[in-house]
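Structure first, then comments.
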Amino acid sequence: MKYDFKAAESKWQRIWEEKQLFRADNNSDKKKYYALVEFPYPSGVGLHVGHARPYTAMDIVARKRRMQGYNVLFPIGWDAFGLPTENYAIKNHIPPKEVTRVNVAQFTSQLRMLGYSFDWSREISTTDPEYYRWTQWIFLKLFEKGLAYKARMPVNWCTSCKVVLANEEVVEGVCERCGGAVVRKEKSQWMLKITEYAQRLIDDLDGLDFIERVKIQQKNWIGRSTGANVRFSTTAGDEIEVFTTRPDTLFGVTYMVLSPEHALVERWKEILKNYPQVAEYRAQAEKKSDLERTELSKEKTGVELLGVRAVNPVTGAEIPIFISDYVLSTYGTGAIMAVPGHDQRDWEFAKKFGVPIVEVVMGGDVQQEAYTDSETGVMVNSGFLDGLEVPDAKKRITAWLEEKGLGRAAVNYKLRDWVFTRQRYWGEPIPLVYCDKCGWVPLPESELPLILPEVESYEPTDTGESPLSTMTDWVHTTCPHCGGEAHRETDTMPQWAGSSWYFLRYMDPHNTQALASKEALDYWGQVDWYNGGMEHTTLHLLYSRFWHKFLYDIGVVPYSEPYARRTSHGMILGEDKQKMSKSRGNVVNPNDVVEQYGADTMRLYIMFIGDFEKAAPWSSAAVKGCQRFVDRVWALAQQASDSDYVTPQHEALIHRTIKKVGEDIEVLKFNTAIASLMTLANEMAEKGCTRGDMKVFLTLLSPFAPHVCDESWEALGLEGMASCQAWPEYDEAKARPEEVEIAIQINGKFRDTVTVPADCGQDETVEAARNVPKVQRYLEGGTLVKTIFVKGRLVNFIVK
RNA sequence: GCGCCUGUGAUGGAAUUGGCAGACAUGCGAGAUUUAGGUUCUCGUGUCGAGAGACGUGUGGGUUCGAGUCCCUUCAGGCGCACCA
């Protein structure tokens, strides 16, 4: 009888649901385990095979943990606010709410089809007012604590999405989502002070079990630099403050550069002899997109500010001041002290503009190129620093600056505050109103959620105003503070708002009094294992760590870090080894795979495909291998003998498989776990097996391929279900084989093997090896100088 | 440019962490069962060689009794950041 995967899969999915096997219990004496996948954005194209990889992996973990006796929380929900839905709604004239409803229904059926053991009773959606009421609540808390502020500043503007982007959303100068050109636009935006948490976001990584590349990437993104802030006086009377990592090179400062947007430029309008030229340069810099600005970075450009000079505080020399777009307005103070001898960019600029280049650290030829080593070298031409090593010079000059009141040691971060407003419809409304008398006033908590109103048109505007701004009835309101006329904030929150705290809501998803009860937060605690994409490392993962720390600081959550462990999966590529995309026509639809081969085959293949952490190309041919395996499992269940004992011949292999599968799951080596299960299946198929053998085998396989295991379990007439078994105990004594094959080497070269009892000692093993005919031939040909013995592994004869 | 990672059969990938390279699977070849096969089963499959054997983990070197694994060199590919002062 052939295995009918369709019948079996729908049958067992129904039974699991009826028995509520995967419900997490908030009042349990068991140890808790919180396994989390990144909740999907329910897009119109449906679930992607790329989703199946992390979801299956964490489903395996969740199922295994339940079998190990844990009370497991393995939830799912929808990160449903966002631009693609809104754009689809605009194009097809369907309300975004409706688009979301349809997409969620499709995703739900696809996830159920794959047999994932989610606790569906805890399903959440970020677009649900009962959910976003708490997103808004957190925002109000941020506002209350001064961590949300409105600022007018140059922001990243995606010309295609017509929306402001956070720095994290700009990738290589273009929009992370659509690839559209990003330009600088001066706009007034709500900002979140993530920079206030920069140091803690770095420091607390140390205590976390995150894969190293995530930690590194977050640290690089936050970009901590240490150095000093130094103030330079100018002939105009104003001071220029700069941040530098090389205060030791202060004697080598031969000019200064302001970013084109620097406030002093406008302030000096009247005294600059070439203001029109300066203004022209600034206008050009503003017009350039980020991409152009970096592309044109090869050749340095700039204009000297004629009529003003700065003074080098140590040499007393008057030095020129330039503006140039190689100095960023958004980093440090937006101004630099230029040391052409020891910074390559400054060197190029100095060469082009004919500024003197002074060597202050020995080690290179500064007329040929900048000597940029910041650790080694001896100071020269540097007055009281002469003869000091660079690190000592840094300390000395910093102390000197502090003493003279000219500067002080300083730390700088690349991380910038989070631009938190979007000029689009389909997002959480910001619960603030503006009153001419009272300024920005938060809505009282009792008025949350502030419901997103239904509008006629979702079209974004070219003016950079949110579509909500046209809803005059909604916009015009009264001030909660003074009762006077006021208007609402019409921008909405970014996509990343709802996902910054969703894992907390799962703990207590129906709570109407708080985002989750204190008891639930205490019980479930940190997410034990969170797997998700590397692409979220400096977006969602960083943002949610920030929000969580804030919630910790105001006493809402009991831990300062949300996730104890973070792992990441590689991408599933198309058959052509290219990223799957509609335009390439290489997209694999999970529905087709499940239709043709079944969910278990899909689950097994996506885990067997290769190293979990690396990208892997899909192979429609290789899927069959997993289907054959599923069929063979079913066939074994038909063939197994009636005995409930474990076959002695299989015992050692079974125990080694228990160890291998159990350990491999914990370290993301699902591919080798499956390989070892295949090996066991092959062995049992060849040598025969009992119901007792199958019992262990099906239990081990059950997290990977739960349907065929429960079906086979039932066919064998076993009690209960494979899904509900206790995870098998590994017995080292039983795993040990009675005999081992020892490799024999002659002068380090493998020649033959000999089989000896597993506990065979050195003398006996060497003796046995010596008696192997082939070995004797080599031994007779020379003198034995040395014998190397590795227990249970090899014997190496060194012969001369 | 800086940081991180990866190079193993025709393909995806294993290798007990320094000890029989290529597990497991795909593909391919031969055979069997079958009216038929996108079924199932058996055998074979790193390269050269009839064979004994020799060679073989991107390149070149080193450490070691022994290196895919450690060290140095170099090349190739991927990812992240990118004028970050």
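Numbered from 1 within each chain, the chains take letters A, B, ... in sequence-line order.
- The partner of B:U35, taking Watson-Crick or G-U wobble pairs whose two distances both stay under 3.5 Å, does not exist in any strand shown.
- Pair assignment for B:U69 gives none, since no Watson-Crick or G-U wobble pairing has each distance under 3.5 Å.
- Remark: B:U17 base-pairs with no nucleotide in the shown strands. Criterion, Watson-Crick or G-U wobble with two distances under 3.5 Å.
- In this structure, the ring of A:F5 has its center no less than 6.0 angstrom from the ring center of A:Y597.
- Among the protein residues, A:K577 comes within range of the sugar-phosphate backbone only, with heavy atoms under 4.0 Å from sugar or phosphate atoms but none that close to a base.
- Across all strands shown, B:G51 forms no Watson-Crick or G-U wobble pair with both key distances under 3.5 Å.
- Here the two rings, on A:Y778 and A:F797, have centers that are 6.0 Å apart or farther.
- An OP1 or OP2 oxygen of B:C55 is reached within less than 4.0 angstrom by a side-chain nitrogen or oxygen of A:K749.
- Annotation: cation-pi geometry not satisfied between A:K300 and A:F349 (NZ/CZ under 6.0 angstrom from ring centroid, within 45° of ring axis).
- If you take atom C1' in B:U73 and the same atom in B:C79, they sit 24 Å apart, rounded to whole Å.
- The separation of B:A14 from B:U34, taken at their C1' atoms, amounts to 36 Å, rounded to a whole angstrom.
- Under the Watson-Crick or G-U wobble criterion, with both distances below 3.5 Å, B:U45 is paired with B:G27.
- When A:D248, A:T249, A:T244 are each tested for a side-chain hydrogen bond (donor to acceptor under 3.5 Å, both in side chains) with A:R246, only one passes: A:D248.
- Relative to the side chain of A:L328, the nucleotides B:A23, B:A85, B:G19 differ in distance, and B:A85 lies closest.
- In the interface, the side chain of A:K300 is paired with the base of B:C83 through a donor and an acceptor atom under 3.5 Å apart.
- A 6.0 Å sphere centred on CE of A:M534 holds more than 12 heavy atoms belonging to other residues, nucleotides or ligands.
- A gap of 24 Å separates the P atoms of B:U40 and B:G46, to the nearest Å.
- Comparing the same atom, P, in B:C24 and in B:A30 gives a spacing of 23 Å after rounding to whole Å.
- As judged by a 4.0 angstrom heavy-atom cut-off over every strand, A:N412 is placed among residues making no nucleic acid contact.
- Taking atom P on both nucleotides, B:U6 is separated from B:A32 by 48 Å, rounded to a whole Å.
- A:A338 comes within contact range of no nucleotide atom at all, as no heavy-atom separation falls under 4.0 Å.
- A:T753 comes within 4.0 angstrom of a nucleotide base, judged by non-hydrogen atoms across all strands.
- By the 4.5 Å heavy-atom criterion applied to side chains, A:L165 and A:C175 are counted as neighbours.
- Here A:Q745 lies in heavy-atom contact (under 4.0 Å) with a base.
- Looking at the side chain of A:Y331, the nearest of the listed nucleotides B:A85, B:G80, B:C83 is B:A85.
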Polar-atom pairs under 3.5 Å, protein N or O versus N or O of nucleotides 32-39 of chain B: list them with distances, or write none.
unit_1: B:G38; atom_1: N2; unit_2: A:Q596; atom_2: NE2; d: 3.2

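- Contacts of A:K774 with the nucleic acid, taken as non-hydrogen atoms under 4.0 Å apart, involve only primed sugar atoms and P, OP1 or OP2.
- Here, B:G7 and B:A52 have their C1' atoms 34 Å apart, quoted to the whole Å.
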Inset, instruction - Show the numbers, then the answer: is there a side-chain contact (heavy atoms from CB on, under 4.5 Å) between A:F750 and A:L794? - result: CA-CA 9 Å; A:F750 170 75; A:L794 64 51; over 6 Å; no
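- Residue A:R751 places at least one side-chain N or O closer than 4.0 Å to OP1 or OP2 of B:A54.
- Note: CD1 (A:I798) to P (B:C65) measures 8 Å, nearest angstrom.
- For A:R584, the CZ atom sits in a packed shell: over 12 heavy atoms of surrounding residues, nucleotides or ligands are nearer than 6.0 Å.
- Across all strands shown, B:G56 forms no Watson-Crick or G-U wobble pair with both distances under 3.5 Å.
- As rounded to whole Å, 13 Å separates atom P of B:U26 from atom CD1 of A:I674.
- Nucleic acid contact for A:A675: base, since at least one base atom lies under 4.0 Å from a heavy atom of the residue.
- Taking atom C1' on both B:C55 and B:G68, the two are 16 Å apart, rounded to the nearest angstrom.
- Among the protein residues, A:N796 comes within range of the nucleic acid bases, having at least one heavy atom under 4.0 Å from a base atom.
- Partner assigned to B:U64 is none, using Watson-Crick or G-U wobble distances below 3.5 angstrom.
- Using a 4.0 Å heavy-atom distance criterion, A:I609 is classed as a sugar-phosphate-only contact.
- Nucleotide B:A76 forms a Watson-Crick or G-U wobble pair with B:U6, both donor-acceptor distances falling under 3.5 Å.
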